[in-house]
Amino acid sequence: MNDSSTEPQSTNFIRSIIDADLASGKHKKVITRFPPEPNGYLHIGHAKSICLNFGIAQDYPSAVCHLRFDDTNPGKEKSEYIDAIKEDVRWLGFSWDDNSHHTSDYFDQLYAYAVQLVKQDKAYVDSLSAADTKAYRGNLTEPGIDSPFRGRSIEENIDLLERMKTGEFAEGEHVLRAKIDMAAPNMNMRDPAIYRIKHMAHPMTGDKWHIYPMYDFAHCVSDAIEGITHSLCTLEFEDHRPLYDWFLDELKTPAHPQQIEFSRLNLDYTVMSKRKLYELVEDGHVHGWNDPRLPTLSGMRRRGYTANAIRDFCSRIGVTKKDNIIEMSVLENSLREDLNSVAPRALAVLDPIKLIIDNYPEDQEETLAGVNHPKNPDAGTRDIPFSKTLYIELSDYMDDAPKKFFRLTVGREVRLRFAYYVTCTHVVKDDSGNVTEVHCRYDPETRGGKSEDGRKVKGTIHWVSAQHAVTAEVRLYDRLFTIPAPVAEKERDFKEFINIDSAQVLANCQLEASLLNANTTAYQFERQGYFCLDSVDSKPGSLVFNRIVTLRDSWAKKK
RNA sequence: UGGGGCGUGGCCAAGUGGUUAAGGCACGGGGUUUUGAUCUCCGCAUCCCAGGUUCGAAUCCUGGCGCCCCAGCCA
């Protein structure tokens, strides 16, 4: 008997390629890599790549996935990001064991390979200004023109490169370029830069270097050095692949990894680029990288998303080469599925109004048992105090209610969850007509929420005993943007579409007493959604809950 | 208008010449239910277009059309 989970592993075209490579004997074991640049926080788009790369490492025998920080640009990178990135990957449930690397680990080897290229007359030091380089490159329809420095001798190039390395020249004075073809239809092959001068200390190598390698050169060589078999990246690198292969072929590296491209993840009603997320953070539209409305992994974690849900989501969306915009409902479905199975239930009134049971004794109090999880008896029950004055949800009462409104209106009977049946008798309103109190009578024969006579009560509402309630702040989050594809609006700035109601703060929520001891797991507030303590702002004396996601609401749809 | 990709239902996505064209999400409807939740049952496409090859095409060929990416000394 094998009782291990038989969870179907979604396959994709990349796994098919790997299967074929293993079958043909091209590779004995698979090595992938996840190569973030430490210049910002990871988002759910990265999670897709992480699940793909680390997922392959998990599923194939003796396969591994390296974590590699692509730190070739000290002008943009900070070591602070490294720990955050590691934390996010770990939180998602993946490990890299002792395979955490930095591209900067290979700077010496990279340089030696560059020298080799020069010696093969496949690279040269160019002294054109940045502006001239651009002008010489041509454009999409016109070929470029050779730089006047393209014909320098190997000796001169070696000398110049060495002096670039030792910091003899100013930034921008020279650049090492591959000698390929200035007329190539693929712009990437028009003598791309290999090294540029940057008089800048590097987080890992300090002030050792004055030149830093470019992505196209560093990435393929690093992959080769690490023995990566399949180098998975996103679609925009597709026309870099000829260059990736050119470098490795010219350098005759011991290994020649295969670059395979897949489409990046796009989610509707949000943005997914580091630059745009940075803009939202910098301009104060959200409160930091871990704002619960952001699709960053740190924001989602704070919001209450589970790693399980994100992994499940990634397996559901698949991996292809097609541009896509995934609907938020797919993510929410993965989330609800996970949360529903594990979240303990609780009663919480977010928008309270008093419900007074006129025929319930003034000073009486009793304790009722609430089921912690309807599908899991092992979760047990908890005590919930009940008394004459309760809080119920304002929206659970309506003056002129339609027949299909299964809640309170004068003359209608509902069940108070786990408690009694109550029938609404009248309401009290203030001068402006707002309901301030709902009055009702209860049926003592319905304790626990069931009646002997088999009478049907269609509606069940949640409540909290006023004198026992815990007051807390609850933050309700909604989509960050008002349109599905804010970045697709070419003529307008995506920030114009920010949803100004994306974060609603309710300061006077009334929670059942047991929530006073809430821990860090997610709870389902019955009939409302899933909530968890805010890891940043919640304090023992003043609880703050985040709404992770609402429950499905078919009644709301009908209305 | 150079080069590289992509085009299967509202959104994803299987499918690789013979299947009633998987599955998920969404949507619509029925049942169960002390959460209008969960669970459950049912419904929901002829494959961008046009020709062609073939007994037979989403799958092969030809020609269109549409969308995305590339002119950083960013990654």
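Chain identifiers are assigned alphabetically (A, B, ...) following the order of the sequence lines, protein sequences preceding nucleic acid strands; residue numbering begins at 1 within each chain. As a basis for the values below, the full set of heavy atoms in this structure was taken, side chains included, without hydrogen atoms, waters or symmetry mates.
In plain terms, the two heavy atoms of A401(A) and F405(A) that are nearest each other are CB-CD2, 3.5 Å.
Within the 4.0 Å cut-off from OP1 or OP2 of rA13(B), at least one side-chain nitrogen or oxygen of T320(A) is found. Contact between the side-chain N/O atoms of R552(A) and the OP1/OP2 oxygens of rA26(B) is found at a separation under 4.0 Å. The shortest distance between the side-chain N/O atoms of R196(A) and the OP1/OP2 oxygens of rA75(B) is below 4.0 Å. Within the structure, a side-chain polar atom (N or O) of R527(A) is placed less than 4.0 Å from OP1 or OP2 of rG36(B). Residue T72(A) places at least one side-chain N or O under 4.0 Å from the OP1 or OP2 atom of rA75(B). Residue K322(A) places at least one side-chain N or O closer than 4.0 Å to OP1 or OP2 of rU8(B).
Checked by distance alone, R407(A) brings a side-chain donor or acceptor within 3.5 Å of a matching partner on the base of rG36(B).
Across all strands shown, nothing is found opposite rU20(B) as a Watson-Crick or G-U wobble partner with both distances under 3.5 Å. A 3.5 Å limit on both hydrogen-bonding distances identifies rC25(B) as the Watson-Crick or G-U partner of rG10(B).
Across all strands shown, H240(A) has heavy atoms under 4.0 Å from base atoms, whether or not it also approaches the sugar-phosphate. Note on N139(A): a base of the nucleic acid sits closer than 4.0 angstrom, heavy atoms only. R137(A) comes within 4.0 angstrom of the backbone, heavy atoms only, and of no base.
Cation-pi check for K198(A) over Y212(A) is not met; the charged atom does not lie both under 6.0 angstrom from the ring centroid and within 45 degrees of its normal.
No side-chain donor-acceptor contact under 3.5 Å links S395(A) and E393(A).
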